[in-house]
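What follows is a short report on a single structure.
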Amino acid sequence: MDIALIGGHGKVALLAAPLLVEAGHTVHSVIRNPEQTAEVEATGAQAVVADIETLDADGWDELLRGKDAVIWAAGAGGGNPQRTYAVDRDAAIASIDAAQRVGAGRYVMVSYFDASLDHGVPESEPFFAYAESKARADAHLKDSDLAWTILGPSGLTLEEPSGRISLSDAEGGTVSRGNVARVAAAVLAQPGTAGKVLNFNDGDQEIDAAVAGA
């Protein structure tokens with residue numbers, strides 16, 4: 001596959017890119033800062049410089065045209081509600097619309113554990129903008145005609161990836177970013193994961209087996 005990896009300099013994306021390249025995919029890692037090019041291309045991916053906050057529809061179409069799949073691993077990083085809405089909601093929705101227009105039919109969204117429009121986060125809390133943005137983007141993706149998979153990792157850590165997870169609806173766990181990267185790569189190899197939301201923690205089941213049985 002020819003994959004657009006959005007948020008290519010993020011921790012999950014930098015771990016996912018070499019796995020995808022090793023699996024035989026062509027990876028175009030989308031980054032905003034050209035100074036990150038060397039680090040991104042050290043993963044085997046091709047760096048593409050684009051500011052996803054300012055792209056219009058034509059820009060998104062150009063970015064995703066010719067791609068077979070999109071992996072959304074971008075995020076504003078919190079702290080600024082306006083930028084959170086711009087990236088985690090508006091840019092994500094724009095990418096979904098563009099993927100449909102140009103025929104990038106497979107879409108993997110890295111969201112968070114049990115994201116939902118019924119998130120219950122008070123508007124006064126800092127997490128509200130992120131919870132609302134991710135829920136809106138996920139809902140838009142579910143309503144699309146793309147072959148989508150939504151990943152719902154629990155609390156992210158920088159632990160070494162174990163290669164094992166637990167698919168669960170039980171909140172309160174953690175998962176290494178390396179395992180999230182491995183799950184993202186694994187679902188692309190499993191067409192049966194299309195149309196599914198996978199909530200997961202670090203666990204005891206080998207990732208490929210867990211994904212195949214989802």
Side-chain angles (χ1 to χ4, degrees), residues 1 3-8 10-20 23 25 27 29-30 67-78 87-89 91-93 95-96 99 104-117 119 130-131 133-144 146-159 161-203 205-214:
M1 291 185 183
I3 300 167
L5 179 56
I6 313 296
K11 292 182 177 68
V12 169
L14 287 172
L15 295 168
L19 301 175
L20 296 165
H25 302 298
V27 180
S29 286
V30 180
K67 306 299 185 292
D68 302 298
V70 177
I71 298 177
W72 181 273
V87 174
D88 294 284
R89 183 191 63 191
I93 288 173
S95 75
I96 293 164
R106 188 74 168 100
Y107 196 110
V108 177
M109 172 71 79
V110 180
S111 187
Y112 73 96
F113 200 101
D114 209 23
S116 168
L117 290 170
H119 52 73
Y130 181 77
S133 295
K134 295 302 288 184
R136 295 290 174 189
D138 289 357
H140 194 77
L141 182 57
K142 290 176 183 178
D143 286 340
S144 75
L146 299 171
W148 56 265
T149 305
I150 296 173
L151 306 186
S154 56
L156 298 175
T157 75
L158 291 172
E159 297 293 326
S162 64
R164 295 177 177 273
I165 60 170
S166 172
L167 294 175
S168 172
D169 290 327
E171 296 187 54
T174 60
V175 60
S176 71
R177 287 175 170 85
N179 276 347
V180 178
R182 293 183 181 203
V183 172
V187 298
L188 281 181
Q190 296 285 349
T193 60
K196 295 183 178 180
V197 178
L198 306 182
N199 291 314
F200 60 96
N201 306 294
D202 281 334
Q205 190 172 17
E206 195 272 334
I207 286 174
D208 285 341
V211 168

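A search for side-chain contact (heavy atoms from CB on, under 4.5 Å) contacts involving Ala185 returns Leu19, Leu20, not counting sequence neighbours. For Ala147, the side-chain contact (heavy atoms from CB on, under 4.5 Å) partners at least two apart in sequence or on another chain are Arg106, Ala194. The side chain to side chain donor-acceptor pair (under 3.5 Å) check on His140 picks up Asp97, with sequence neighbours excluded. Here Ser144 pairs with nothing under the side chain to side chain donor-acceptor pair (under 3.5 Å) rule; sequence neighbours left out. Ala131 is linked by a side-chain contact (heavy atoms from CB on, under 4.5 Å) to Tyr112, His119, Val121, Phe127, counting only residues two or more places apart in sequence or in another chain. In terms of the ring pair (Phe, Tyr, Trp, His ring centres under 6.0 Å) criterion, Tyr107 has no residue partners (sequence neighbours excluded). With sequence neighbours excluded, the residues forming a side-chain contact (heavy atoms from CB on, under 4.5 Å) with Ala184 are Leu151, listed by chain and number. With sequence neighbours left out, Asp202 forms a side chain to side chain donor-acceptor pair (under 3.5 Å) with Asn179. Residues satisfying the salt bridge (charged side-chain N to carboxylate O under 4.0 Å, His left out) test with Arg136, not counting sequence neighbours, are Glu132.
Ile96 places a side-chain heavy atom less than 4.5 Å from the side chain of Met109. Contact of the Phe200 side chain with the Ser166 side chain is not registered, since no non-hydrogen atoms from C-beta on lie closer than 4.5 Å. Counting only heavy atoms from C-beta outward, the side chains of Phe113 and Asn201 approach each other to under 4.5 Å.
The heavy-atom pair separating Ser29 from Ala17 by the smallest distance is OG-CB, 4.4 Å. Nearest heavy atom pair, residue Ala73 against residue Ala13, reads CB-CB, 4.2 Å. Nearest approach of Ile93 to Ala137, heavy atoms of both residues: CG1-CA, 4.1 Å. Counting all heavy atoms, side chain and backbone alike, Ser95 lies closest to Ala92 at OG-O, 2.7 Å.
Side chain of Lys67 to backbone of Val27: no donor-acceptor contact under 3.5 angstrom is found.
Taking CG of Leu198 as the reference point, atom OG of Ser168 lies at 12.0 Å (rounded to 0.5 Å). Put simply, CZ on Arg177 and CD on Glu159 are 11.0 Å apart, with the number rounded to the nearest 0.5 Å. Atom OG1 of Thr149 is separated from atom CG of Leu188 by 8.0 Å, given to the nearest 0.5 angstrom. Considering CG of Leu5 and NE2 of His25, their distance stands at 11.5 Å, rounded to 0.5 Å.
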Step-by-step side-chain contact (heavy atoms from CB on, under 4.5 Å) determination, Val180 to Lys11: CA-CA 10 Å; Val180 178; Lys11 292 182 177 68; over 6 Å; no

Derivation and outcome, side-chain contact (heavy atoms from CB on, under 4.5 Å), residues Val70 and Ile3: CA-CA 6 Å; Val70 177; Ile3 300 167; over 6 Å; no

Candidate pair Val197 and Trp148, rule side-chain contact (heavy atoms from CB on, under 4.5 Å), full reasoning: CA-CA 9 Å; Val197 178; Trp148 56 265; 3.9 Å; yes

Less than 3.5 Å apart, which donor and acceptor atoms pair up between the side chains of residues 206-214 and the rest of the protein, not counting sequence neighbours?
from	atom 1	to	atom 2	distance (Å)
Glu206	OE1	Asp208	N	3.0
Glu206	OE1	Ala209	N	2.9
Glu206	OE2	Asp208	N	3.3

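Across Asp88, Leu141, Ile150, a single residue satisfies side chain to side chain contact (heavy atoms under 4.5 Å, CB included) together with Ser111, and that is Ile150.
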